[in-house]
**Q** 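Quick one: the structure is below, questions incoming.
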Amino acid sequence: MAKIKCIGVLTSGGDAPGMNAAIRAVTRSAISRGYKVKGIYRGYEGLIHNEIKSLTTESVSGIMNRGGTMLKTARSKDFMTAKGKRKAYENLVAAGIDALIVIGGNGTLTGAKEFAEQYDFPIIGLPGTVDNDIAGTDETIGFDTSLNTIMECVDRIKDTAYSHERIFFIEVMGRDAGFLAQNSAIASGAEAALIPEDMTDADQLSEFIGRGIRKSKNSSIVIVSESPKCGAVYYSERVKKEYPDYDVRLSILGHLQRGGSPTARDRILASVLGVGAIDALEAGQRNVMVGMRHDQVVFTPFTIATKEGGKPLDKNLIRVLKELSI
Ligand code: F6P
């Protein structure tokens with residue numbers, strides 16, 4: 001195995017709070033062990049276009065508390081093509097980069113897996129996404145901050161729901177996973193959550209009306225995952241139509257869920273995993289994601305980390321919400 005002297009780092013896919021803390025950790029951990037570090041801007045897209053700059057300890061000063069990513073990010077279509085991957089490989093070699101650390105979600109890790117299958121290049125992944133939909137880690141970098149942001153938003157919306165005696169359907173992010181929706185519903189004391197993992201019944205409306213929207217409550221909050229399986233618009237419209245006495249509103253939280261200063265939990269997770277990425281390289285690990293399970297740093301092959309449905313939602317959370325929303 002060739003000796004690693006220079007490590008490249010990039011962020012790709014949707015930005016997540018804590019990505020900066022991860023970049024800082026990777027950079028400083030690598031430098032303190034004698035490696036050179038190069039930052040690749042705009043993810044795989046920037047790699048294809050050779051947007052590479054050396055990073056020093058100072059380059060990553062003062063970024064820990066900032067949301068987003070100082071390296072910028074992109075969702076690269078070109079990297080999915082053989083031509084794009086070849087160009088990326090040529091640029092890595094030309095820049096003298098011998099190993100790559102990628103920080104991102106499912107798409108980023110899948111891209112890394114495919115690249116590593118084609119080219120014999122050491123890559124380590126870090127899970128950076130608000131969705132928390134990655135196997136091999138209990139939490140992804142960004143999830144906790146986003147969850148707290150959603151909780152604060154719902155707390156505010158509850159003031160209006162209470163004052164106007166309304167039913168609010170609140171759509172939250174998560175792509176095809178209900179981690180943000182289910183957890184934020186518990187944290188904010190919502191009456192119900194609609195998540196893709198629990199869409200067993202095609203029509204859950206009567207259940208909501210019976211359970212969440214009771215006579216003894218003059219307002220209700222239903223958190224709805226953005227997954228197409230859930231349909232915040234569909235349900236809010238139906239309640240409006242079928243229960244004209246209820247005052248119904250739909251609120252879509254959108255990208256404000258992805259921004260903002262990361263929580264201490266996300267900063268610590270990102271720092272530990274960033275150091276873990278350098279540990280992984282030094283331990284001869286290749287094509288694995290570094291995650292945290294039961295308070296231990298663990299390495300999971302990309303093939304497992306990116307497996308669809310590989311990280312099941314804890315069904316106990318569904319029971320907890322139901323039991324507490326009476
Ligand atoms: O994967 C993170 C995420 O925020 C998802 O929750 C959401 O579906 C998607 O990214 C939105 O992506 P974009 O910012 O590209 O619209």
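Note that ligands are numbered from 1 as they come in the structure, with each ligand's atoms numbered from 1 the same way. Computed from a prediction, not measured in an experiment: that's the story for all the values here.
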**Q** Check side chain to side chain contact (heavy atoms under 4.5 Å, CB included) between Lys240 and all other residues, then give those that pass, not counting sequence neighbours.
**A**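 Residues passing side chain to side chain contact (heavy atoms under 4.5 Å, CB included) with Lys240: Glu237, Val248.
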**Q** Are Arg267 and Thr145 close enough that a side-chain donor and a side-chain acceptor fall under 3.5 Å?
**A**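 Looking only at side-chain atoms, Thr145 and Arg267 do not form any donor-acceptor pair under 3.5 Å.
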**Q** Within a 6.0 Å radius of atom NZ on Lys311, are there more than 12 heavy atoms belonging to other residues, nucleotides or ligands?
**A**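 Yes, NZ of Lys311 has more than 12 neighbouring heavy atoms, counting only those of other groups under 6.0 Å.
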**Q** Where the side chain of Asp15 meets the backbone of Thr69, is there a donor-acceptor pair that is under 3.5 Å apart?
**A**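 Flag not set: sc Asp15 to bb Thr69 has no pair under 3.5 Å.
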**Q** Return yes if a side-chain donor-acceptor contact under 3.5 Å exists between Thr56 and Ser59, otherwise no.
**A**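 Indeed, the side chains of Thr56 and Ser59 share at least one donor-acceptor pair under 3.5 Å.
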**Q** Classify the ring geometry of Tyr44 against Phe79: parallel below 30°, tilted from 30° to 60°, perpendicular beyond 60°.
**A**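 Ring orientation of Tyr44 relative to Phe79: parallel.
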**Q** Please list, by chain and number, the protein residues whose heavy atoms come under 4.0 Å of ligand 1.
**A**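 Around ligand 1, where the cutoff is 4.0 Å for heavy atoms, the contacting residues are Arg75, Thr129, Asp131, Met173, Gly174, Arg175, Glu226, His255, Arg258.
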